[in-house]
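Working notes for the structure below.
Fair warning: this is a prediction, and the values are worked out from it, not measured in the lab.
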Amino acid sequence: MLLILTLSLSLVIGTCHSTTYEGHKVYKLYPTTPAHNEFLTSLKSTEFDFWSPINNVGKPVTVMASPQVQKKFEKKLKKHKISYELEIDNLQSTIDQEKKYHEDKLGIAFDHYLRHSEINNYLDQLAQNYPNIVSVGTIGTSYENRTMKTITISAKPGPKPVIFIEAGMHAREWIAPALSLYIINQLVENPSYGFLQDVDWVILPVMNPDGYEYTWTTDRMWRKTRSPGSSCNGTDGNRNFGFHWMEKGASGSECSETYAGSEAFSEIETQNLRNVLNKTGNITAFISLHSYGQYLFYPYSYDYVRADNWKELAFLAHKVNDVIKSVNGTEYTIGNSAEVLYPAAGCSDDWAMGGAGVRLVYVFELPGGGKYGFDLPPEKILGVCEETWEGIKVIADYVVQNCK
Ligand SMILES: *[C@@H]1O[C@H](CO)[C@@H](O)[C@H](O)[C@H]1NC(C)=O
Ligand SMILES: *[C@@H]1O[C@H](CO)[C@@H](O)[C@H](O)[C@H]1NC(C)=O
Ligand SMILES: *[C@@H]1O[C@H](CO)[C@@H](O)[C@H](O)[C@H]1NC(C)=O
Ligand SMILES: *[C@@H]1O[C@H](CO)[C@@H](O)[C@H](O)[C@H]1NC(C)=O
Ligand SMILES: *[C@@H]1O[C@H](CO)[C@@H](O)[C@H](O)[C@H]1NC(C)=O
Ligand SMILES: [Zn+2]
C-alpha cells in the first residue's frame, strides 16, 4: 500500500527490452523536523521515487534516484540539512544478484523467490498430495489471462470461520507472495496447530500476476496491474476497490503509481477478489500482505475514520506485534492507516470490511530487510516468514477463541 511515486519517465516509456537500473542509487533519509517532511513532500511528485512513506513517527524515508538526478538530489538534501546515507550504490547489480540466485535453485524452499507458474504448480502439487485438506480453485484470470489460483485449507468438514489472506497486490513486493506460501507450507506440510481443526483458510498468493511476472521479466520495480492506458499502463489495484473510491490519496492520472483506474473495479483482478470475498461465507479475518515498512494497519484507509470495532482491532494488533517482536526483535507501528500515514481510498482492506463485512481486517507492511526495500534479499525471506507467521497464528487463535 505504500505510496510510491513515478519512476523517472525515461525508465517507463519506450521499453521493448528490460528496464535497467544501472547506476540508480537508493538513499536512506533521516528527516527530523516538520520542515524536512514538508520539503520531502514537495519532491514526491517529481523525478524521485519514494519507496517508503514520509511519516511522523521517526522512520527513515527511502528514495531511489536515477543517475541523471543524483547530484541535484544530494544538493537539495544538503541545502535542507536532511542527513542521509547511501543504501544501494547500484540497484541493477542488486537485481542481477537476486536473479542469479534464483536461477541456481528450484523447488519449494524459502531461500529464493518463485515465478508465478512455480507458485501455481506448488498449489496444484499440494492439492494432489493432500486431497483431504487442500483444494485449489481459481477466482478468474488476470488481464493477460494468467490464472488467479486460491488454495483452501480445511481440515474437517462443517461450517467454520474463514481466514482469507491476499498477497501480491503490488507487483514488486515479492516478500508478500513468499510469506503466503510459507503460511500454506506450514498449514499443510507442517500442521501441528490445533486451530486447523477450527478455522478454514483461503489464500490467494498472487493478486496481481501480470505485474508480478513483469517484475521478473522487464521492470523489477513495477507496482501496478498491466492493463493498458493511453499514456501509461497499469492501475494501482489497491486504489481500485469500490469503497469511497477516489476520495483521498488516490490519483486520477494514468502515469501515477497510485492511479485508481478509470472507475471503481475497472481491473479484472480487483473484480475477481471482490467476487470471491462476496461469495465466500463466514470470512472472519482478512489479511492483506504488502511491503515494506513494518506497519500493521487496520481500517479504514480511506480517511481518518476508524472501524466500529477499532479497539478490538488495536488490541489484537498489539498482541500480534508482541509475539512477532519476541522472535527476533522486529517491531511494527500499529494504527488506522490514514492516521499513521495518510488516507488512501480504494484499498482491498477497506472493501473487505466496508463491502464484504469482514470483522477482523489487517494490512501488514512487512519488513524490507533494512537494506534493500522491495528487494529483500533471498537469504532474509525465511526469517521474515518465521517471525510473521507467529503473528498470523495469534490472529488465528483469536478467531478460534472469539469468533465461532
Ligand atoms: C485473453 O484470452 C482471451 C480469450 O482467449 C483473448 O480474447 C484475449 O485477447 C486474451 N488477452 C490477452 C491480453 O492476451
Ligand atoms: C503499454 O503496454 C503495451 C503492451 O501491452 C505496450 O505496447 C505499450 O508500449 C505500453 N505503453 C507504455 C506507455 O508503456
Ligand atoms: C457460517 O457459520 C455458521 C456458524 O458457524 C453456520 O451456521 C453457517 O452455515 C456458515 N455459513 C457458511 C456460508 O459457511
Ligand atoms: C454480493 O452478491 C450478491 C449476489 O450476486 C449481490 O446481491 C450483492 O449485492 C453482492 N454484495 C456486494 C457487497 O457486492
Ligand atoms: C534477526 O535480526 C537480526 C538483526 O536485525 C538480523 O541480522 C537477523 O538476520 C535476524 N534473523 C532472522 C532469522 O531473521
Ligand atoms: Zn503494497
Distance-only side-chain donor-acceptor flag, Thr225 / Glu267, under 3.5 Å: yes
Side chains of Thr330 and Gln294, donor plus acceptor under 3.5 Å: no
Closest non-hydrogen atom pair between Gly281 and Val162, with its separation: O-CG2, 3.8 Å
Parallel, tilted or perpendicular: rings of His24 and Tyr21 (30°, 60°): perpendicular
Candidate pair Ile392 and Gln186, rule side chain to side chain contact (heavy atoms under 4.5 Å, CB included), full reasoning: CA-CA 11 Å; Ile392 302 280; Gln186 291 297 305; over 6 Å; no
Distance-only donor-acceptor check, side chains Gln70 and Tyr27, under 3.5 Å: no
Main-chain N/O of Gly237 paired to Thr235 side chain as donor or acceptor, under 3.5 Å: no
His80 ring center near Phe39 ring center (under 6.0 Å): yes
Polar contact flag, side-chain donor to acceptor under 3.5 angstrom, Asn309-Glu312: yes
Distance-only side-chain donor-acceptor flag, Glu365 / Tyr332, under 3.5 Å: no
Any donor-acceptor pair under 3.5 Å from Asn272 side chain to Thr141 backbone: yes
Closest contact, heavy atoms only, Ser301 versus Cys347: CB-SG, 4.2 Å
Check: Tyr143 main-chain N/O paired with Asp210 side-chain donor or acceptor under 3.5 Å: yes
Side chain Glu166, main chain Met207, donor-acceptor under 3.5 Å: no
Gap between atom OH of Tyr214 and atom CZ of Arg172 - 0.5 Å precision: 13.0 Å
Any side-chain heavy-atom pair of Thr217 and Arg115 under 4.5 Å: yes
Mutual orientation of the aromatic rings belonging to Trp216 and Trp174 [parallel < 30°, tilted 30-60°, perpendicular > 60°]: parallel
Flag for Thr258-Ser256: side-chain donor and acceptor within less than 3.5 Å: yes
Evaluation steps, side chain to side chain contact (heavy atoms under 4.5 Å, CB included), between Val136 and Leu126: CA-CA 9 Å; Val136 171; Leu126 290 178; 6.0 Å; no
Nearest non-hydrogen partners of Tyr295 and Val57, listed with the distance: OH-CG2, 4.3 Å
Value rounded to 0.5 Å, distance of NZ in Lys81 from OG1 in Thr32: 11.5 Å
Under-4.0 Å salt bridge between Glu257 and Lys224: no
Residue pair Ile175, Ile381: steps toward the side chain to side chain contact (heavy atoms under 4.5 Å, CB included) verdict: CA-CA 7 Å; Ile175 184 61; Ile381 298 172; 3.9 Å; yes
Whether over 12 other heavy atoms sit under 6.0 Å from Tyr304 OH: yes
Rounded distance [0.5 Å steps], NZ in Lys71 versus NZ in Lys76: 15.5 Å
Residues Thr333 and Lys59: side-chain donor-acceptor under 3.5 angstrom: yes
Backbone of Asn208 reached by a side-chain donor or acceptor of Glu269 within 3.5 Å: no
Test item: Ile324 and Glu387 side chains (from C-beta on) under 4.5 Å apart, heavy atoms: yes
4.5 Å side-chain heavy-atom contact, Asp111 and Pro378: no
Close side-chain approach of Leu204 and Val202, heavy atoms under 4.5 Å: no
Whether Asn275 side chain and Gln271 backbone form a donor-acceptor pair below 3.5 Å: yes
Separation of Phe286 CZ from Ile165 CD1 (nearest 0.5 Å): 10.0 Å
Reported CG-to-CH2 distance for the pair Leu273 and Trp351, which is rounded to 0.5 angstrom: 10.0 Å
Gly168 versus Ala176, closest heavy-atom pair with distance: N-CB, 4.0 Å
Main-chain N/O of Ala260 paired with Arg239 side-chain donor or acceptor, under 3.5 Å: no
Donor-acceptor under 3.5 Å (Asn121 side chain, Ser117 main chain): yes
Heavy-atom check, side chain of Lys72 versus side chain of Phe48, under 4.5 Å: yes
Student check: side-chain heavy atoms of Pro205 and Tyr122 closer than 4.5 Å: no
Distance-only side-chain donor-acceptor flag, Thr62 / Glu87, under 3.5 Å: no
Donor-acceptor pair, side chain of Arg220 and main chain of Phe374, under 3.5 angstrom: yes
Aromatic ring proximity Phe241/Phe265, centre distance under 6.0 Å: yes
Leu181 and Phe110: CA distance, side-chain angles, deciding distance, side chain to side chain contact (heavy atoms under 4.5 Å, CB included) verdict: CA-CA 9 Å; Leu181 292 179; Phe110 297 93; 4.0 Å; yes
Parallel, tilted or perpendicular, as decided by the 30° and 60° cut-offs, for the rings of Tyr182 and Trp389: perpendicular
Donor on one side chain, acceptor on other, Asn90 and Glu22, under 3.5 Å: yes
Distance-only polar pair, side chains of Ser266 and Asn240, donor-acceptor under 3.5 Å: yes
Distance (rounded to the nearest 0.5 Å) between Thr147 OG1 and His116 NE2: 7.0 Å
Pair Thr94, Asp375: side-chain N/O donor-acceptor within cut-off below 3.5 Å: no
Test item: Ile163 and Thr284 side chains (from C-beta on) under 4.5 Å apart, heavy atoms: no
Tyr298-Asp349 side chain donor-acceptor pair, cut-off 3.5 Å: no
Under 3.5 Å: donor-acceptor pair, side chain of Asn185, backbone of Val188: no
Closest approach of Glu254 to Gly229 (non-hydrogen atoms, all atoms of both residues): OE2-CA, 3.5 Å
Nearest atoms (heavy-atom pairs only) where Asp200 meets Ser154: OD1-OG, 2.8 Å
Val320 side chain near Tyr362 side chain, heavy-atom distance below 4.5 Å: no
Pair His290, Glu173: side-chain N/O donor-acceptor within cut-off below 3.5 Å: yes
Asn129 CG: over 12 foreign heavy atoms closer than 6.0 Å: yes
